[in-house]
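Notes follow the structure.
All values reported here derive from a predicted model rather than from experimental measurement. By convention in this document, chain letters (A, B, ...) are assigned in the order of the sequence lines, proteins followed by strands, and residues within each chain are numbered from 1.
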Amino acid sequence: MPRFYLTTAIDYANGDPHLGHALEKVGADAIARYHRLAGFDVHFCTGMDEHGQKVAQTAAARDVDPQAFVDRIAGRFRETWERLAVSFDQFVRTTDPAHKSGVRALIRRIADTSPGDFYEKAYEGWYCVGCELFKRDDEIVDGHCALHPTRTLEWTEERNFFFRLSKYAGFLRQLFADRPDFLAPESRRNEVLSLIERGLDDISISRARLSWAIPFPLAASDGVAQGTWVWFDALPNYLTATGYPGAGWKERWPAQLHVIGKDITRLHAVIWPAMLQAAEIALPGRVWAHGFVQLAGERFSKSAGVKLELGEAIDRYGADAFRYFLLREVPFDADGNFSFERFDERYHADLANAFGNLASRVIAMVERYRGGVVPRAPRTGLDADDHASIAAYHAAMDGTNGYLLHEGLKHIWACVQRGNEYVDRRAPWRQARDPVLAADLDETLGALVRQLARLAVLVQPFMPGKAAELWSQLGGPGAVADQRFAALATLDPAGWKVAKGAPLFPKPEG
RNA sequence: GGCUGGGUAGCUCAGCUGGUUAGAGCACGGCACUCAUAAUGCCGGGGUCGACGGUUCGAGUCCGUCCCCAGCUACCA
């Protein structure tokens with residue numbers, strides 16, 4: 001069975017999960033579930049980035065131990081993803097002992113494999129004891145730190161380790177030439193290409209005085225202990241999650257796909273490949289940079305003040321509808337908007353009226369006209385037309401053209417629309433009135449249940465809960481999650497016993 | 001400041017190498033149907049295609065200038 005190891009970005013443990021985090025996790029989950037249905041042996045990894053000055057400061061401000069603080073945040077993220085049915089197989093945390101030792105092993109390996117890629121350099125500047133940070137000129141007001149005007153700034157020198165990123169410009173240029181699909185969508189790829197052409201600077205990768213960090217494994221010449229700076233701490237999580245450098249890590253690595261936000265493209269498409277190359281470790285297959293959700297047209301990000309209670313949005317119609325809305329409304333290769341007005345519209349139009357009601361009317365007619373048993377029936381034009389839509393669905397979902405989840409949903413809904421048209425055109429209630437038309441009625445109902453069974457599978461990556469409900473109402477064997485796309489063309493529900501349940505997408509009264 | 005992408009119906013968008021009356025979904029209006037969550041199907045109204053100028057027999061579709069939005073990036077501080 002082909003393997004498919006995919007990851008999401010790990011989120012910074014400095015606040016609660018929000019809509020932006022949710023888009024990425026839900027999108028990656030749809031990709032993961034899609035690949036399971038396509039027959040891949042999927043490993044889906046997500047997690048938390050828990051070190052750094054900000055975390056330490058926030059924890060201190062609340063008078064708690066940093067580890068206790070991140071434990072609590074990580075718990076809230078996990079709970080949120082579970083509530084959203086994100087089917088991760090692994091939840092990595094950068095404070096995990098295994099991650100920490102993996103990072104140190106990776107750094108030592110680079111030092112061994114590519115001696116000279118790490119070097120020490122002195123850095124000097126104004127240091128604020130209050131912030132425990134060097135300050136840029138624009139952060140200094142009247143000779144004092146803007147945040148700590150009562151403290152005096154100290155002109156300080158410290159030695160840090162640097163990574164010779166500049167050395168890898170040629171390698172990266174070659175990488176992007178050889179593997180045009182390494183980074184997508186194309187707009188992101190072009191940005192990174194121009195970045196590389198402009199030239200790359202070496203990056204600083206350790207900090208003295210950084211206490212809440214993985215101890216940097218190489219000794220500085222001045223004897224001052226260094227903490228590992230973010231690049232070499234967070235990025236390797238994808239690798240350490242495989243157990244690196246322990247036995248068996250190569251069975252999972254390299255990852256087939258990193259799903260990230262467009263704001264961290266540079267880290268994943270430039271720094272990360274260079275790090276791996278320096279260690280002579282295989283590169284991941286692809287990096288996919290999704291866009292952002294905006295709220296009422298305003299930029300929504302970890303630091304922005306624009307907020308929306310995630311719980312409130314999920315509670316409105318449930319996790320499945322929330323997942324559907326996000327992935328349908330926000331193009332997965334660009335930005336999109338979230339609004340409750342739009343959410344309500346789509347819930348009613350797409351889910352309740354079109355999809356839910358199609359299931360409802362078809363199942364009701366099978367019960368009423370055929371005692372609940374799906375009649376044996378020949379294939380029809382409905383099947384043929386649907387298969388064209390299904391081909392388009394795969395083209396949007398399987399990665400060959402990127403991961404255009406919104407397009408995938410669009411093609412599923414073309415089937416839904418076709419199903420409703422078919423019902424009206426065939427008018428099974430009329431066929432039911434005339435015994436001479438019994439075979440026609442069988443054909444109509446058989447075609448429709450066949451379509452619903454297909455739809456349950458196609459929609460499963462997006463709405464796993466509702467897909468299972470529908471599958472169960474149809475009387476399908478086993479679990480919908482265990483179905484395979486390959487078997488869809490020959491899927492035949494003849495003989496299944498349907499049982500109409502509660503509406504799939506009930507409308508709130510009023 | 002530079003670079004990239006974009007500005008098309010109320011909303012979200014499609015319109016390939018220029019060619020008859022500019023399309024889809026949602027929203028809105030009318031008709032049909034009654035199996036269904038008063039759901040569905042059909043028909044329809046609605047757009048100076050960011051602005052101005054140009055090329056052409058003919059331009060959302062090409063060229064120039066400008067305005068606006070988003071992203072990447074630089075410099076100053």
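Identified under the salt bridge (Lys or Arg N to Asp or Glu O under 4.0 Å) test for residues 452-467 of chain A, with sequence neighbours left out: A/Asp383-A/Arg454, A/Asp386-A/Arg454, A/Lys466-A/Glu469. Among residue pairs with one or both ends in residues 428-480 of chain A, those qualifying as ring pair (Phe, Tyr, Trp, His ring centres under 6.0 Å) are A/Trp471-A/Trp496; sequence neighbours excluded. Identified under the ring pair (Phe, Tyr, Trp, His ring centres under 6.0 Å) test for residues 180-208 of chain A, with sequence neighbours left out: A/Phe176-A/Phe182. Applying the ring pair (Phe, Tyr, Trp, His ring centres under 6.0 Å) test to residues at least two apart or on different chains, the pairs with a partner in residues 347-389 of chain A are A/Tyr317-A/Tyr347, A/Phe355-A/Trp413.
Residues A/Gln483 and A/Leu488 are not in side-chain contact: their nearest non-hydrogen atoms beyond the backbone lie 4.5 Å or more apart. With a 4.5 Å cut-off on side-chain heavy atoms, A/Leu441 and A/Arg370 count as touching.
The C1' atoms of B/U55 and B/G44 are separated by 39 Å, rounded to the nearest whole Å. One P atom belongs to B/G18, the other to B/C63, and the distance between them is 11 Å to the nearest Å. B/C16 and B/C62 are spaced 9 Å apart, taking the P atom of each and rounding to whole Å. Straight-line distance between the C1' atoms of B/G46 and B/G25: roughly 15 Å, to the nearest whole Å.
Between the CD atom of A/Glu197 and the C1' atom of B/A74 there is a distance of 17 Å, rounded to whole Å. Across the protein-nucleic acid pair, A/Arg198 atom CZ and B/C3 atom C1' stand 7 Å apart, rounded to whole Å. As a whole-Å value, the separation of A/Arg361 CZ from B/A36 P is 10 Å. Between the CG atom of A/Asn353 and the C1' atom of B/A36 there is a distance of 11 Å, given to the nearest Å. In this structure, A/Phe355 atom CZ and B/A36 atom P are separated by 19 Å, rounded to whole Å. Rounded to whole Å, the distance from CG on A/Asp424 to P on B/C42 is 8 Å. Here the P atom of nucleotide B/C26 and the OH atom of A/Tyr324 are 11 Å apart, to the nearest Å. Between the P atom of B/A70 and the CZ atom of A/Arg188 lies a distance of 14 Å, rounded to the nearest Å.
Base orientation of B/G5: anti, the glycosidic angle falling outside 90° of 0.
Residue A/Arg266 places at least one side-chain N or O closer than 4.0 Å to OP1 or OP2 of B/U73. Residue A/Lys500 places at least one side-chain N or O closer than 4.0 Å to OP1 or OP2 of B/U37. Remark: A/Gln431 is not in phosphate contact with B/C35, judged by side-chain N or O atoms under 4.0 Å from OP1 or OP2.
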Exercise. Given Watson-Crick or G-U pairs with both distances under 3.5 Å, what dot-bracket string fits RNA chain B, with | for other-strand pairs and [ ] for crossing?
Worked result: (((((((..((((.....[...)))).(((((.......))))).....(((((..]....))))))))))))....
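The pair A/Arg83-A/Asp315 meets the salt-bridge criterion, since a charged nitrogen lies less than 4.0 angstrom from a carboxylate oxygen.
With sequence neighbours excluded, the residues forming a side chain to side chain donor-acceptor pair (under 3.5 Å) with A/Asn420 are A/Arg361, listed by chain and number. Applying the ring-ring contact (aromatic ring centres under 6.0 Å, His included) criterion to A/Tyr422, with sequence neighbours excluded, gives no partner residue. Taking A/Asn14 as the reference, A/Thr58 meet the side chain to side chain donor-acceptor pair (under 3.5 Å) condition, with sequence neighbours excluded. Applying the side chain to side chain donor-acceptor pair (under 3.5 Å) criterion to A/Asp202, with sequence neighbours excluded, gives A/Tyr119, A/Ser166. Scored by the side chain to side chain donor-acceptor pair (under 3.5 Å) test, A/His394 finds A/Tyr34 as partners (sequence neighbours excluded).
Within the nucleic acid shown, A/Leu504 comes within 4.0 Å of at least one base atom, counting heavy atoms only. Contact annotation for A/Arg418: no contact, since no heavy-atom pair falls under 4.0 Å across all strands.
A/Asn337 and A/Ser339 are not linked by any side-chain donor-acceptor pair at a separation below 3.5 angstrom, with hydrogens and angles left out of the test.
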For this session: Using a 4.0 Å cut-off on protein heavy atoms (strictly under), produce a 5'-to-3' string for nucleotides 5-16 of chain B with B for base contact, S for backbone-only sugar-phosphate contact, and - for none.
Result: ------------
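For A/Trp429, the side-chain atoms get nearest to B/C33 when compared with the rest of B/A70, B/C33, B/U40. In this structure, of B/A36, B/C35, B/C42, it is B/C42 that holds the atom nearest to the side chain of A/Glu421.
For the contact set between residues 362-374 of chain A and RNA chain B, defined by any heavy atom under 4.0 Å, the members are A/Ala364, A/Met365, A/Arg368, A/Tyr369.
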